[in-house]
Amino acid sequence: MNLIMFLILFPLIPAIIIRLIPSERVRTSTVLISVAIIAVASIFLAFSSLQSGCQYFKLPFKNAGTLITVAEIVLAVTFLFFCRRLPFRKMWIPVIIFIQYIPVQYFELSGKVPVPVNYLILDNLSIIMALLIGIIGGLITVYTVGYMPRYHKEHPEYKDRTSAFISTIFLFFFAMFGIVFSNSLSWIYFFWEVTTLCSFIMIGYSRTDEAVDNSFRALWMLLLGGMGFSVTIVYCSLNKSIGTIELSQITAMTNPMVMFPVVLLCFAGMNKAAQFPFSQWLLGAMVAPTPSSALLHSSTMVKAGVYLCIRCAPVLHNTSSGTTIALIGGITFVVASAIAASLSHGKKVLAYSTIANLGLIILCAGVGSSLAIWAALMLIIFHAVAKALMFLCVGTVDQQTGSLDIEKMRGLISTMPQLTLMILIGIAGMFLAPFGMLISKWAVLEALAEKNPFLILTVVFGGALMMFFWGKWMGTLVAVTGKHMNKEKYTGIYEWAALYSLTILTIGTCVLFPLTAVYFIHPYIMTIYPGFIGDPLFHHDNIIMVLIMLGFAIFLPLGFLVHWEKLHYSVPDLGGANVHDPERFMGSMGESREWHLGNYYLNDIFNEQKLLLPANIVTLLIISIMIIAVII
Amino acid sequence: MKALLGIFGFVIFAPLAGGILCGLDRIVTARMQGRYGPPVLQSFYDVLKLFQKQNLVVNRFHGYFLFCFLIFLIISGSILYAGDDFLMVVFALTVADMFLVMAAYSTNSPYSFIGAQRELLQMLAVEPMLLITGIGFYLAAGSFDIGHIVSVGKPLIFKMPGIFFGLVYVLTIKIRKSPFDLSTSHHAHQEIVKGLTTEFAGPTLALVEIAHWYETILMLSFVFLFFASQPVVGILLAILIYFIEIIIDNTNARVKWQFTLKSSWIVTLLFGGINLFILYILK
Amino acid sequence: MSFLKKSPWIIHYDGSSCNGCDIEVLACLTPMYDVERFGIINIGNPKHADVLIITGAVNSQNASVIKTIYHQMGDPKVVLAVGICAASGNFFRDCYNIKGGVDTVIPVDIYVPGCAARPEAIIDGVVAVLKLLEEKTKK
Amino acid sequence: MFKLPVVKMLFVVLKSLFTGSACKMYPVCKQEVIKESRGFLNIEPSLCILCSLCSKKCPADALVVNREDRTWEVDRMKCITCGACVEACPKKCLILLPERAGSSIRKQKTDQFNIPIEKP
Amino acid sequence: MNMNQEIKELKENELISNVSRLFKEGYRLVQISCSKSDKLQLDYSFDKEYFLLNLRLFLSLENPEVQSITDIYWSAFTYENELHDLFGIHVREINVDFKGNFYRIQEDAPFLNSDSIQHGGKE
Amino acid sequence: MASRTIIPFGPQHPVLPEPIHLDLVIEDEKVIEAVPSFGFVHRGLELLVGKKDFHQMVYIAERICGICSMIHGMGICYGIEHIMKIDVPERAKYLRVIWSEMSRIHSHLLWLGLAADAAGYESLFMHCWRIREKLLEIIEATTGGRVIFGVCKVGGTRRDIANSDIHGILITLKDIEKDYQNISKVFRDDYTINHRFSNVGFLSKKDAFELGAVGPTLRASGVSVDMRKTGYSAYRHLEFEALTENSEDCYGRCMVRVREIFQSFNLIYQAAEKLPNGPVDIKVTGNPEGEYFTRLEQPRGEVVYYIKGNGTQNLERFRARTPTFANIGPLVRMLSGCDLADVPVIVLSIDPCISCAER
Ligand code: NFV
Ligand code: SF4
Ligand code: SF4
Ligand code: SF4
């Protein structure tokens, strides 16, 4: 209990320190120390309460409710403050703020909102989330420390506000821990909005026009999601048959009335998880410095969205609303993968693949069966680790080469072998068989096998597309161009530390996935589906197979270190038009010309412009129909 | 024990059977073209010869990738013959293919690069159908376990004709036959020399050939699974399917990737999807 | 035991031939002559090929191409020059752009005469080449 | 008859599958010689008068006629078997036979004929 | 049978106007050729309904130069590049100019420079 | 977002029996830019006129190309005969037609095979060449050469076909035609052939005409130009139509050739029927003096020879403008915007004969 409070509140301390003391030395040491503390605390928390099932905690002090209300008002005012310079035609953004805050505040201040008994919750789901936030978030923060100075050296046109940036990160930790440990909807709501705020600040960090635009887009989209909460809170207060704003109670109800708030919560969740049609904010977020993309928009914040949906999953199980939500997830999965296949901008590909993977998780949550939740949790873990790794690697590559274009990464294995290996591990973690995501995909397929053939189609097609674009990327990296210039030496110690730890984590999670399953996931599932006895499909043989494959996948590439005798080096086949430089050929006009290779992006078939609009419209329709159906 | 025996049998006999099948294929193809054709053992001669050749490389990495390709292909087959999870077989196959693609990429040569792109496209075209086949088996036989699928009493083909058709359709891609031999093979030389394998020479190319034998047998085993309850009929039918593939190979020009991708997805959606749906309703 | 003899893969390059020999080489692959009986495949890729069949003479531009192809082939390899042009340059050796037979740029192992060389003659040449190949592997 | 387009090729392909190959099986079977074929230049040395008309007419400069040594030689690796010499020869001592010259490992393959002095 | 071909001699500066007139009249470009005697004789052949019309142009052997007709007949660039490579004629403003790399012959303008027209090639 | 790939295509390339090189710039397999290059086969044989006399030049002209060698030989003979005002015996004219048409059939069959191969249709390739091989046997039996005919000479033909043989030849030809019938149906109806050839390599009627395309390339765009209509040799006595197609794409070009083969068979039958008796050559004395543009119809289209004699044994100028050379411009136009997979098909659709083009 105290540990939880500590985790939630502690990040505020470094946030304030860093904000107030602009010295770089202090900043660095504060970050390192507090990150270590947070990580240790979350690990400790995990080990101390892993086996203790679901625990609820009351608050030690009375006026928590009012505290939150005050905080919420402060938050709303902050939002409004940020909106002060908006041009008139964007004035509807503050209107959204008013619309969602005024009713809630009215209800809360007038005491109509039921007072929760258990403010805090601690079960394996929160523990998993806390670990992800504490460890991965921490590593990203460490990386940030090394990254930001370089970022500013590269972009002298931006004002150096590193302190603000890092303190926002800590603020964000505060919010995230808050979300995952709170049980009261109004608390979650508050923290939720804090993450929105953090996101807003970070996206707008560089203060270019594009960044500002994108940050406001993120703001209104996310606020829209927050609306889901405010309506839920109001509804739960009004509807006497619910009469509680405790999340755990709501999700445990069998009352059909409960469907409406749950759907709204999922709406908020999907919004934060950037599902279609709300995906645009996440893409806009890619203008932010890479660590924040990694932190906010792939590994952690969006996970808040899926976290909420998973919390709701038991209610969604076997309902039409659940299937609809799963459908949206499925569509998002396919379409986002297809779009990712058509893009060559590294960060955008990462963004879309994030959206796609979140779609898969939402799909699982929507299905809500025990195996689906199993898969969803696995996906969350693997995705968070691997994606964080990917983002940081790509950020580093960007710093070294000045480009995020995947095409420009051709032959990176020659110039930055270590980093490339990390990216490769990250990518492999995303879709290749023995690695993490595939285990989850396997579980998803098995979970869906009897549920719904249509959803299965989305998964198989989306999966194939995903393989396509990751495959391209991997291939581009491993092309050996023979230019051996080591650019890696410019990477600093903090970056390497973060990168290496994440790499080890990625492999570790894969190797140890049976343990993860048994110790983290199964207990959680057992709390919601008491009949769950571990997944029968993952029997002995399969696990052994997976592990054998893993062994091969990890150890075979080590063969690269050995030199094979009796090789005869030759030049590539250029149809006989070779000149002495293997990278050039004799062109038609009689001059030597460089050949150049570019991946396929299938723009005729998959195309961001072409796919986005229909996908948005369709999903929007589905969501509206779902909400209307639930109301009726 | 039985599983080990299966694995062992696969590792040893698949290349033999695959090689002979390829030899027969070449003879039949030759006859269909009015030619006489090579000896039956020709594929073995080819591979043995390749091992005697110089190992020409552009750089030294693709050998390892190809080795991994072969290993994972064998793993994939082993999972199948050990009677394990069907999906796992497909996934391992994907990994194997991925290594092949990586190998082609790593040579950094124009034609292999385009071959690699096309191989990726082919994987994109094939993968959904393979997974759907697995799910079809699950719905029809009640389990993903191949051991279990094999022991189902009635031939599963009756329950999943659509899926069978879809599988045969993408099989053409998988065993690299015209009209879908986009990325490599003896036939796709028209645009991209030898595609994927352009830069592999000597022993490394031999690995690809051997892998191709394994792949062929693996694919035919998929076909066999539909008739698993009658093993003899199953084997005959698998061979018949192979023969049909040869005929298809000889009666079609090679199509473009757009057609390959679209048609196989449509077939997957229509035949695979509808079949799945029916299985689901019947269940 | 040399298996090269049993599966020689050829690559065919048309120097500055008149196509006469060229299509005769192709004709060898087609039903009437079908050299696949000897395991011969027209592989079209120097890296895979064992036998380089060149028709036509060498001119100033394709000399480098022929050299490139030759050097891209893995050992053991043999070169078969088909047709009078490839042997001596035919009457084109008097032309300003012709350097002469194939031997002016790469070593040739077997010459097949004829203008155009008959498929049978080419098959004879190939058979002779197979013997050479075996000797070369032994070395 | 069949509207299915693929059937056409199927027919062709299956027909040739079952009727056996069209292969001439050279060199297992002997080459069938077409007697009109221009394959091999031959000389009847006893008829030749060493007039060199043939070598003048030869477009490929394949013939060398040497009056001193009384030799007539043809380079098989230069002769394009066109028959210009055959037409030019006043004594009709040249003939194009359907056989063909064999391959060689050398660039030149000269056949030399000694022309006897005595005329029958 | 000489009926179906006609040779029309032109001055160099009349070429473009004549060619564009022929283009408008629906003539098809058949070929451009050159032959060397004491001058360079350029022949532009056009066809309309099996009637062959030749525009003939004489250029001096020193620095022969002519205006390109690729503005009118787009595909004439092949002929004109050939003229440049074989005869060393400088053709102004070709749309696709290979700059002497059309045939990539080692010696420049063999038809112009060598006496081989009378005495055979290199021996 | 697509990214560019720049690759060389050729000169050594398995689909190209002859070397040609293209710089391809592609994007997702779409060709953005294709620049051809030449000179790999350039021999410069036109300059041989200085060395060889005009009788020998006939052999050399025949070796411009081994596919259309018959008509090359005929073209130079025809021009010289015209300059020297030689009247070729009627029988020789008919024989020349017969052999030209045989050459056309063999060239077209060869092309059909190569085109099938370019589309990845190996078995069709094999069958085309199987049929072609039967025809080559007839050619060999009548001319003595399989691909280089060597039958034309100034003043007539070098060989005669005995009247007694003609019947047998016609019977074999009919057989071949029947065999070919099946194959032609495949080209006409096969789905994948359609997929690969239709709407590929589009060349509008206007473009084809203005770019100076010739032969099947031109006729497939709906322009009816066939030099045989000028009635050289015995063509004026034979009945035929210039075949056109209106689809303006590779399929059209394929169809023109497919139909032309039947037409050629028919022309051979007609010529054989009308074949007059008499000598096949007349004696030629003197040297040519004068100039002439010969225009004949090759399998690939109109070929133009410019022959100029100056009263000596050696011609002053011999120039051949071959159909492939004329079709290069249109080819470049066709290539832009096609798919990578179409490149071989389009390149082959003009039936490129580089040795002809570059001489
Ligand atoms: N037909 C023909 Fe030729 C000629 N002249 C053409 O381009 O084939 Ni070699
Ligand atoms: S030898 Fe004769 S047929 Fe062969 S390429 Fe030379 S000229 Fe042509
Ligand atoms: S056949 Fe022709 S090439 Fe041979 S020697 Fe006689 S004239 Fe010369
Ligand atoms: S032309 Fe006849 S007779 Fe004169 S040298 Fe030649 S072979 Fe002898």
Side-chain angles (χ1 to χ4, degrees), chain E residues 1-7 23 26-37 41 43 45-54 56 70 72-82 85-86 95-96 98 100-107 110-111 114-123, chain F residues 35-52 82 207-214 218 223 225-227 229-232 291-295 302-306 308 310 312 314-322 325-333 357-359:
Chain E
M1 239 209 283
N2 243 340
M3 294 315 294
N4 57 11
Q5 46 184 272
E6 187 188 309
I7 295 170
F23 181 80
Y27 276 84
R28 182 167 61 89
L29 176 68
V30 171
Q31 65 128 11
I32 305 173
S33 77
C34 179
S35 41
K36 179 195 161 189
S37 42
Q41 166 198 327
D43 288 309
S45 315
F46 300 89
D47 167 286
K48 188 180 187 183
E49 276 143 27
Y50 303 117
F51 169 73
L52 188 75
L53 180 65
N54 284 297
R56 179 160 291 176
T70 46
I72 308 162
Y73 286 99
W74 184 83
S75 66
F77 71 89
T78 47
Y79 303 104
E80 292 180 344
N81 278 300
E82 192 188 37
D85 282 18
L86 298 185
N95 54 359
V96 186
F98 282 79
N101 285 313
F102 193 67
Y103 282 142
R104 289 184 230 165
I105 315 165
Q106 258 160 6
E107 40 185 301
F111 281 66
S114 76
D115 308 325
S116 51
I117 291 188
Q118 292 312 321
H119 316 298
K122 62 184 173 213
E123 193 56 313
Chain F
V35 187
S37 96
F38 310 90
F40 295 95
V41 193
H42 182 63
R43 287 155 289 181
L45 57 78
E46 287 173 359
L47 262 192
L48 280 177
V49 283
K51 184 138 198 295
K52 313 280 179 190
H82 203 275
D207 270 359
F209 193 82
E210 283 172 7
L211 297 181
V214 293
L218 180 60
V223 185
V225 172
D226 188 334
M227 284 305 132
K229 278 274 155 207
T230 57
Y232 61 87
E291 58 180 342
Y292 187 65
F293 287 91
T294 315
R295 295 201 294 159
E302 166 201 32
V303 62
V304 182
Y305 303 96
Y306 173 60
K308 190 172 177 191
N310 53 6
T312 64
N314 295 350
L315 298 174
E316 183 172 319
R317 175 86 168 112
F318 166 65
R319 169 185 159 84
R321 195 285 272 133
T322 52
F325 198 87
N327 279 335
I328 285 172
L331 172 66
V332 174
R333 188 59 72 83
E358 296 176 354
R359 306 170 303 283

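Because the structure is a prediction, the values reported are computed rather than measured. So you know, we letter chains A, B, ... as the sequences are listed, proteins then strands, and number each from 1.
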Where on E/Leu52 is there a heavy atom nearer than 4.5 Å to chain F: the side chain, the backbone, both, or neither?
-> both

Bottom line for E/Phe46: the part with an atom under 4.5 Å from chain F's heavy atoms is neither

Please determine if E/Arg56 and F/Glu291 form a salt bridge, counting it only when a charged side-chain N lies under 4.0 Å from a carboxylate O.
-> yes

Taking C-beta and beyond as the side chain, do E/Tyr73 and F/Leu211 meet within less than 4.5 Å on heavy atoms?
-> no

Output the distance between atom OG1 (E/Thr78) and atom CG (F/Leu331), rounded to the nearest 0.5 Å.
-> 11.0 Å

E/Gln41 vs F/Tyr306, side chain to side chain donor-acceptor pair (under 3.5 Å): CA-CA, chis, key distance, verdict | CA-CA 12 Å; E/Gln41 166 198 327; F/Tyr306 173 60; 2.9 Å; yes

Go through the steps for E/Arg28 and F/Glu302 under the test salt bridge (charged side-chain N to carboxylate O under 4.0 Å, His left out), then give the verdict.
-> CA-CA 12 Å; E/Arg28 182 167 61 89; F/Glu302 166 201 32; 3.2 Å; yes

Compare all side-chain heavy atoms of F/Val303 with those of E/Gln31 and state whether any distance is below 4.5 angstrom.
-> no

Could you tell me whether the side chain of F/Lys229 reaches within less than 4.5 Å of the side chain of E/Glu49, counting heavy atoms only?
-> no

Nearest non-hydrogen partners of E/Ser45 and F/Phe293, listed with the distance = OG-CE2, 3.8 Å

Minimal heavy-atom distance between E/Ser75 and F/Pro330, with the atoms involved, is CB-CD, 4.4 Å

Shortest non-hydrogen contact from F/Arg317 to E/Ser35?
-> CD-CB, 3.3 Å

Taking all non-hydrogen atoms of both residues into account, name the closest pair between F/Arg319 and E/Ile32 and its distance.
-> NH2-O, 3.3 Å

Can you name the nearest heavy-atom pair linking E/Lys36 to F/Glu316, along with the distance?
-> O-OE2, 3.7 Å

Assess whether side-chain contact (heavy atoms from CB on, under 4.5 Å) is satisfied between E/Tyr79 and F/Ile328, documenting all intermediate values.
-> CA-CA 10 Å; E/Tyr79 303 104; F/Ile328 285 172; over 6 Å; no

Hey, are the side chains of E/Asp47 and F/Arg295 touching, using non-hydrogen atoms and a 4.5 Å cut-off?
-> yes

Side chain proximity check, F/Val332 to E/Trp74, heavy atoms < 4.5 angstrom | yes

Cut-off 4.5 Å, heavy atoms of chain F, and the answer for E/Asp43 is side chain

Honestly, the part of F/Lys52 sitting under 4.5 Å from a heavy atom of chain E is neither

Per-residue contact mode, F/Val304 against chain E (heavy atom under 4.5 angstrom) | side chain

Assert top hit (heavy-atom pairs under 4.5 Å, partner chain F, pool E/Val30, E/Ile7, E/Leu29) equals E/Val30

Heavy-atom closest contact (F/Asp226 atom, E/Tyr50 atom, distance) | N-OH, 2.9 Å

Side chain, backbone, both or neither: which part of E/Asn54 has an atom under 4.5 Å from a heavy atom of chain F?
-> side chain

